Amino acid sequence: MKRWRLYVERTKRGLTQEQVAFQLGISKQGYNNIELGRRCASAEIWDTLEDLFGVDQRELRAVTEENTMRMDY
């Protein structure tokens with residue numbers, strides 16, 4: 001399972017996981033686990049991601065088993 005919308009928004013902006021993790025003040029592995037749906041994040045992290053990507057955090061938090069996201073955001 002993966003947070004596809006989070007992945008799409010990050011890659012659409014040409015950001016690496018390491019760059020996003022730095023902006024959040026966490027490790028790359030910590031961010032990777034959030035993106036893969038393996039780790040819950042604090043409200044502060046979700047607020048920052050929402051501001052960074054301009055997407056409601058409820059959409060960023062959604063975890064799916066496969067990529068059913070449209071790639072035309």
Side-chain angles (χ1 to χ4, degrees):
M1 297 200 309
K2 188 172 185 171
R3 289 186 168 102
W4 283 104
R5 183 67 188 268
L6 188 56
Y7 166 79
V8 166
E9 294 302 325
R10 177 180 61 78
T11 57
K12 185 167 73 171
R13 288 163 178 77
L15 296 171
T16 65
Q17 288 186 341
E18 188 171 19
Q19 290 169 320
V20 174
F22 178 79
Q23 291 186 30
L24 297 172
I26 62 175
S27 69
K28 177 187 175 283
Q29 187 60 43
Y31 177 77
N32 179 262
N33 285 330
I34 292 169
E35 198 170 278
L36 291 175
R38 295 180 187 156
R39 174 183 170 191
C40 294
S42 69
E44 182 180 337
I45 287 177
W46 287 113
D47 288 344
T48 302
L49 288 167
E50 183 176 55
D51 292 343
L52 179 65
F53 297 132
V55 175
D56 188 280
Q57 59 184 272
R58 285 174 285 197
E59 292 182 38
L60 297 175
R61 288 179 187 224
V63 177
T64 57
E65 290 191 27
E66 59 185 68
N67 184 0
T68 57
M69 300 291 303
R70 289 187 353 232
M71 298 300 277
D72 60 348
Y73 287 100

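Numbers for residues simply follow the sequence, beginning at 1. These figures come from a predicted structure and were not determined experimentally.
Judged as a salt bridge (Lys or Arg N to Asp or Glu O under 4.0 Å), the pairs with a partner in residues 21-35 (not counting sequence neighbours) are, in order, Arg10-Glu35.
For the atom pair CD1 of Ile34 and CG of Leu24, the computed distance is 6.5 Å after rounding to the nearest 0.5 Å. The distance from atom CD of Glu50 to atom CG of Leu60, rounded to the nearest 0.5 Å, is 7.5 Å. Atom-to-atom distance recorded for Trp46:CH2 and Asp51:CG is 13.5 Å, nearest 0.5 angstrom.
By the side chain to side chain contact (heavy atoms under 4.5 Å, CB included) test, Thr16 is found to be paired with Glu18, Gln19, residues two or more places apart in sequence or in another chain being considered. Taking the salt bridge (charged side-chain N to carboxylate O under 4.0 Å, His left out) definition, one finds that Arg38 meets it with nothing, sequence neighbours left out. Remark: Val63 engages Met1, Arg3 in a side chain to side chain contact (heavy atoms under 4.5 Å, CB included) (not counting sequence neighbours). Partners of Arg61 by salt bridge (charged side-chain N to carboxylate O under 4.0 Å, His left out), not counting sequence neighbours: none found. With sequence neighbours excluded, the residues forming a salt bridge (charged side-chain N to carboxylate O under 4.0 Å, His left out) with Asp56 are Arg58, listed by chain and number.
Checking each of Leu52, Leu15, Val55 against Glu9 for a side-chain contact (heavy atoms from CB on, under 4.5 Å) leaves exactly one that passes, namely Val55.
Cluster annotation: Phe53 and Ile26 are assigned to the same hydrophobic cluster (Ile/Leu/Val/Met/Phe/Trp/Tyr, side-chain heavy-atom contacts under 4.5 Å, transitive).
Closest approach of Ala21 to Ser27, counting heavy atoms only: CB-O, 3.4 Å.
In this structure the side chain of Val20 never reaches within 4.5 angstrom of the side chain of Leu6, judged on heavy atoms. Gln57 places none of its side-chain heavy atoms less than 4.5 Å from the side chain of Leu49.
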